[in-house]
Enquirer: 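Dropping a structure here in structure tokens format, bear with me for questions.
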Amino acid sequence: MTVLVTGGAGFIGSHMVLALNDAGEDVVVIDNLSTGFCWAVAPAAKLIEADIGDEATLDRVMGEHQFDAIVHFAGSIVVPESVVDPSPIT
């Protein structure tokens with residue numbers, strides 16, 4: 001199985017990547033590294049440094065891989081920033 005993990009360089013996401021790798025799955029990670037770390041991504045996983053809001057990158061990644069599952073952990077955890085700019089989801 002091939003799994004896309006968004007936010008896979010963060011604390012929770014990186015642990016999911018390790019678990020998936022341990023289970024023998026192929027893993028692709030998309031993370032902009034704003035709060036995650038490249039060293040946290042298991043060496044067996046493919047890390048793509050990009051923002052999940054970048055549609056061109058998502059189109060390219062989806063075209064290059066056939067994913068069986070997507071696990072979504074990407075998100076902002078910066079509370080003061082979200083209070084200053086609580087942009088609605090469109």
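Position 1 is the first residue of the sequence; numbering continues from there.
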Enquirer: So which heavy atom on V5 is nearest to which on G13, and how close?
Expert: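 Distance-wise, the nearest heavy atoms are CG1-O, 4.2 Å.
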Enquirer: Between I70 and I30, is there shared hydrophobic-cluster membership here, with clusters defined by ILVMFWY side-chain heavy atoms closer than 4.5 Å?
Expert: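 Hydrophobic grouping puts I70 with I30.
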Enquirer: Check for a donor-acceptor pair, side chain of E25 on one end and backbone N or O of L20 on the other, with a separation under 3.5 Å.
Expert: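 The answer is no, because no donor-acceptor pair under 3.5 Å joins these two groups.
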Enquirer: Would you name the heavy atoms of I52 and A74 that are closest together and state the gap between them?
Expert: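 Minimum heavy-atom separation between I52 and A74: CD1-CB, 3.7 Å.
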Enquirer: Rounded to the nearest 0.5 Å, what separates atom CD in E64 from atom NZ in K46?
Expert: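 Rounded to the nearest 0.5 Å, the CD-NZ separation comes to 5.0 Å.
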Enquirer: How many angstroms lie between CG in D54 and CZ in R60, if you round to the nearest 0.5 Å?
Expert: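 Answer rounded to 0.5 Å: 8.5 Å.
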Enquirer: Considering non-hydrogen atoms only, spot the tightest contact between A40 and S14 and give its length.
Expert: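 Of all heavy-atom pairs spanning A40 and S14, the closest is O-CB, 3.3 Å.
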Enquirer: With a 4.5 Å heavy-atom cut-off, do V71 and T6 have their side chains touching?
Expert: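 No, side chains not in contact.
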Enquirer: Measuring from atom CG of L4 to atom CZ of F67, what distance do you get when rounded to the nearest 0.5 angstrom?
Expert: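 Rounded to the nearest 0.5 Å, the CG-CZ separation comes to 4.5 Å.
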Enquirer: Any side-chain heavy-atom pair from V27 and M16 closer than 4.5 angstrom?
Expert: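 Result no, sub-4.5 Å side-chain heavy-atom pair not found.
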Enquirer: Less than 4.5 Å apart, side chain to side chain, heavy atoms only: is that true for C38 and L33?
Expert: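 In contact.
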Enquirer: Assign the ring pair H15 / F11 to parallel, tilted or perpendicular, where the plane angle (0 to 90°) is split at 30° and 60°.
Expert: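 The arrangement is tilted - the two ring planes meet at 30° to 60°.
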Enquirer: How many angstroms lie between CD1 in I48 and NE2 in H65, if you round to the nearest 0.5 Å?
Expert: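 Answer for the CD1-NE2 pair, I48 versus H65, is 5.0 Å.
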Enquirer: State, to 0.1 Å, how close V41 and G8 come at their nearest heavy-atom pair, and which atoms those are.
Expert: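 For V41 versus G8, the nearest heavy atoms are CG2-O, 3.8 Å.
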Enquirer: What do you reckon, is CD of Q66 surrounded by more than 12 foreign heavy atoms closer than 6.0 Å?
Expert: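 Atom CD in Q66 is not packed in, count stays at 12 or less.
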Enquirer: Following the transitive rule for hydrophobic clusters with a side-chain heavy-atom cut-off under 4.5 Å over Ile, Leu, Val, Met, Phe, Trp and Tyr, establish whether M1 and L18 coincide in one cluster.
Expert: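 No, because M1 and L18 fall into different hydrophobic clusters, even though each may have its own neighbours under 4.5 Å.
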Enquirer: Test your reading of the model: is there a side-chain donor-acceptor pair from D51 to the backbone of N32, 3.5 Å cut-off?
Expert: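 Answer holds: no.
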Enquirer: Rounded to the nearest 0.5 Å, what separates atom CZ in F37 from atom CG in D31?
Expert: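 Rounded to the nearest 0.5 Å, the CZ-CG separation comes out at 10.0 Å.
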Enquirer: Given side-chain contact (heavy atoms from CB on, under 4.5 Å), test V17 with V29 step by step and report yes or no.
Expert: CA-CA 8 Å; V17 171; V29 171; 3.6 Å; yes
